[in-house]
Amino acid sequence: MIVLNRITFSYPGATKALFKDLSFSFKEGRFYLITGPSGAGKSSLLRLITHLESPDSGEILFQGKPVLSYDLPGIRNRILYIQQTPTSISGSVRENLLFPYAYKANKKKQVPDDQILLGAMNGFMLKDINLDDHVETLSVGQLQRICIIRGLLLDPQVLLLDEPTSALDPESRRIVEDSAENFIKGEKNTVIMISHQSVTPRRVTPVVLEVRDGRIKEVSS
Amino acid sequence: MNTGIMDIGPVQLGIALMFVVIAGAASIYHSLKLERDLLVGTIRTFAQLYIMGYVLKLIFRLNTASLVIMIFAFMIIFAAWTIHGRIKEKQISFFTPVLISMLISYFLVAFLVTRVVIGVDPWWTPRYFLPLGGMVIGNSMNAIAIALERLLNELRSGRKEVEMKLSLGADYKEASRSMFGNAIRAGMIPSINSMMAVGMVFIPGMMTGQIVAGADPMLAIKYQIVVMIMLVGSTTIGTLIAVLITRKLCFSKNHQLLLTRQNKH
């Protein structure tokens with residue numbers, strides 16, 4: 001589904017390349033768990049896939065075609081990256097869930113009504129939160145879940161999660177992991193998730209990858 | 001100019017300098033570290049205005065279109081350079097596109113005001129074109145510098161928000177809409193505030209100059225109205241174009257934010 005084809009990448013000013021000639025293939029319907037030491041390039045890998053960073057050489061393919069051959073804002077809602085730090089706009093929960101529908105790339109998507117939004121929030125154990133609540137009243141864990149719901153509502157094919165559970169309590173963590181697991185139930189979708197902690201999903205066994213010294217190594221599957 | 005205007009001698013100029021000395025002393029006392037800038041600013045004020053005085057005298061005497069246009073272009077280049085120096089941006093090279101936008105918009109505004117509004121013939125008559133054009137440049141220069149600084153700062157500090165929006169399918173314009181609006185507003189507010197306060201809180205510089213030089217206050221206000229409107233117009237056009245261009249330069253063609261958190265590399 002996503003192929004890294006001989007990727008070389010270094011940050012400007014860095015003396016050493018983060019990735020050199022890196023190739024890897026992410027398959028459909030899998031749950032990938034990315035581990036590795038800090039600074040090994042786990043986040044950079046996700047940012048490269050969604051082209052928030054560009055490789056110095058090599059290319060990234062999505063469904064057999066270079067990501068750059070697609071309309072770029074349009075492809076980012078199909079290969080959706082969710083940052084480690086939950087980021088919101090100033091406004092209500094509803095505004096935070098719905099603002100992406102104003103973008104040209106999402107214009108054709110049906111804007112979810114309150115019932116759908118509340119249903120999605122219930123699924124993430126956010127029953128106590130009102131759509132009119134200001135996001136500033138939410139805890140980090142609640143906001144992280146809102147950010148994940150916002151991404152899932154856009155119906156992506158690939159979900160790139162950058163340590164989504166690092167700031168969460170065990171209960172929130174389990175909910176987020178469950179949702180990632182549910183996301184690939186249709187076997188058409190893929191999750192690539194960075195996590196320092198081990199995940200124990202009940203239905204899907206993750207493919208554990210380790211990013212180290214510019215390489216991706218499969219640890220278990 | 002008119003009769004009755006009193007000359008300022010070297011001694012009086014020296015006395016006026018006392019105010020800068022007071023400002024410098026306050027800076028040292030409160031550790032504001034402004035004394036060096038104050039000193040350089042004062043020296044440059046003297047040098048640049050004296051040079052301008054002599055140059056203007058010469059231009060008024062020669063009275064040729066090419067020379068007037070050249071001087072005006074030089075003033076714009078200098079303004080663009082001043083903005084460039086003030087913002088200290090190391091990653092985005094905005095000097096040339098901002099300069100071009102300033103050249104086009106300021107020539108247009110200065111021409112419209114001298115030729116169409118005031119009706120000067122020929123439109124480039126240096127006595128009108130250069131002082132009015134200079135006011136356009138000076139005011140817009142500040143507005144552009146404020147707006148660009150705001151834009152770059154907000155894009156840097158709001159990097160996470162911009163990338164979150166890009167990740168959700170926004171193009172670079174959609175992802176930076178709020179920063180763009182804030183930058184334009186920040187640049188425009190001083191001009192709009194001046195319009196609100198003019199005549200109530202302060203007598204503008206140009207009008208003061210005309211009245212001190214002996215002009216009829218009613219004539220002076222008409223010029224001032226034209227100037228105020230001209231300044232708002234040129235500030236809007238100049239700021240808008242400069243911010244639009246600079247924002248585009250901050251993103252790659254693949255809608256990636258190129259500014260890193262720190263202003264380096």
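Naming convention: chains lettered A, B, ... in sequence-line order (proteins, then strands); numbering from 1 in each chain.
Annotation for A/Y11: atom OH counts as buried by contact number, over 12 foreign heavy atoms lying within 6.0 Å. The number of heavy atoms from other shown groups lying within 6.0 Å of NZ (B/K253) does not exceed 12. Atom CE of B/M188 sits in a crowded spot, with more than 12 heavy atoms from other residues, nucleotides or ligands closer than 6.0 Å. Residue B/I203 places its CD1 atom among 12 or fewer non-hydrogen atoms of other residues, nucleotides or ligands, all under 6.0 Å distant.
Contacts between residues 138-153 of chain A and chain B, defined by a heavy-atom separation under 4.5 Å, are made by A/R150, A/G151. Residues from residues 51-60 of chain A that place a non-hydrogen atom less than 4.5 Å from a non-hydrogen atom of chain B comprise A/H51, A/L52, A/E53, A/S54, given in numerical order. Scanning residues 166-174 of chain B against chain A with a 4.5 Å heavy-atom cutoff picks out B/L166, B/S167, B/L168, B/G169, B/A170, B/D171, B/E174, ordered by number. Residues from residues 228-247 of chain B never place a non-hydrogen atom less than 4.5 Å from a non-hydrogen atom of chain A.
The distance from the CZ atom of A/F99 to the CE atom of B/M164 is 4.0 Å, given to the nearest 0.5 Å. Expressed to the nearest 0.5 Å, how far CD of B/Q256 lies from OG1 of A/T50 amounts to 9.5 Å. Separation of atoms NE2 (B/H255) and CG (A/D71) is listed at 7.0 Å; rounding is to 0.5 Å.
Using a 4.5 Å cut-off between heavy atoms, B/K165 contacts chain A through both its backbone and its side chain. In this structure, no portion of A/L160 lies under 4.5 Å from any heavy atom of chain B. For A/R47, the part lying near chain B is the side chain, with the backbone staying farther off; criterion is any non-hydrogen pair under 4.5 Å.
Annotation: side chain of A/T87 is not in contact with side chain of B/E163 (no heavy-atom distance under 4.5 Å).
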